[in-house]
Amino acid sequence: MNDIEFIAQNNFEKALQVIEKSNVRQVWESIGAEVHQVGSMAMGLLMKHRDIDFHIYTDELNVSESFKVIQKLCANPSVTRMEYRNLADTAEACLEFHIWFMLENEEWQLDMIQILKGSQFDGYFENVAARINAVLTPETRRTILELKYLTPDDEHIMGIEYYQAVIEDNVKTYPEFLQWRSKHPATGIVTWCP
């Protein structure tokens, strides 16, 4: 296994530990929520940005009930901070929770997007992840991992940007990717799907 793939596999294994030690699935499920893994981890494409994405579906967006879950998660001494956004009255129909979790002196971000069942994005990103997984080849997977690895640590780029550039437009190098981004600026939610 080469270095890039070793890093991705190592990050995947550490992410599994964060999920287990944070108890994130069980705590959300205790209020009847459906918890789905999405994003880079769901596709085995974690590289330098240590974030774990969950879409959490509930029949209603009850802020008080949701904060009971967050309170339980934040009681874990490995949690260092938390952020919250209320987007319940937008087209996204969601509550966003982000917590930072320390594992072996590394900070991991848990992105928990609580989405109203039956709303516009119910199941949408799970479908996107499944489609990307279906079309990934060993070559495109490696290219995506390399582009993520070459991205400066202080540069925030959404995973979907890498996937679209490589899968749809055959981008191969980091300079090509930067050119691609200048022609495809991401604003808001990117709804591309292969």
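Fair warning: this is a prediction, and the values are worked out from it, not measured in the lab. The basis for the numbers below is simple: all heavy atoms, side chains too, and nothing from hydrogens, waters or symmetry mates.
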CA sep, side-chain torsions, deciding dist, call: Asp169, Trp180, side chain to side chain donor-acceptor pair (under 3.5 Å): CA-CA 9 Å; Asp169 293 324; Trp180 182 91; 2.7 Å; yes
Do [X] and [Y] make a side-chain contact, defined as non-hydrogen atoms from C-beta onward lying under 4.5 Å apart?
X	Y	result
Ile31	Lys68	no
Asn11	Met41	no
Ile160	Ile132	yes
Tyr163	Leu45	yes
His98	Glu96	yes
Ser30	Lys72	yes
Thr58	Lys117	no
Ile56	Glu34	no

Is [Y] reachable from [X] through a run of I, L, V, M, F, W or Y residues, each pair having side-chain heavy atoms under 4.5 Å apart?
X	Y	value
Leu116	Val38	no
Trp28	Val18	yes
Leu87	Leu95	no
Ile7	Leu16	no
Ile157	Met43	yes

Taking the side chain from [X] and the backbone from [Y], do they hold a donor-acceptor pair closer than 3.5 Å?
X	Y	result
Asn62	Glu65	yes
Arg131	Pro194	yes
Ser119	Ile115	no
Gln164	Glu161	no
Tyr124	Thr191	yes

Atom pair [atom1]/[atom2] of [X] and [Y] - distance to nearest 0.5 Å:
X	Y	atom1	atom2	result
Ile4	Arg141	CD1	CZ	10.5 Å
Trp100	Trp108	CH2	CH2	15.0 Å
Ser22	Leu103	OG	CG	10.0 Å
Ile99	Asn76	CD1	CG	8.0 Å
Gln26	Leu73	CD	CG	10.0 Å
Ser40	Met158	OG	CE	12.0 Å

Indicate whether the side chain of [X] and that of [Y] have a donor and an acceptor atom separated by less than 3.5 Å.
X	Y	result
Gln9	Glu13	yes
Lys172	Asn170	yes
Asp111	Gln109	yes
Tyr84	Asn86	yes
Thr143	Thr140	no

Cation-aromatic face contact Lys48/Tyr149, 6.0 Å, 45 degrees: yes
SB check Arg181 Glu155 (cutoff 4.0 Å):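 Looking at Glu155 together with Arg181, the answer is yes, because their closest N to O distance falls below 4.0 Å.
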Residues Glu107, Arg50: salt bridge by 4.0 Å N-O rule: no
Other residues, nucleotides, ligands: >12 heavy atoms within 6.0 Å of Glu20 CD: no
Ring pair (Phe, Tyr, Trp, His ring centres under 6.0 Å) partner of His36, chosen from Phe54, Tyr57, Phe125: Tyr57
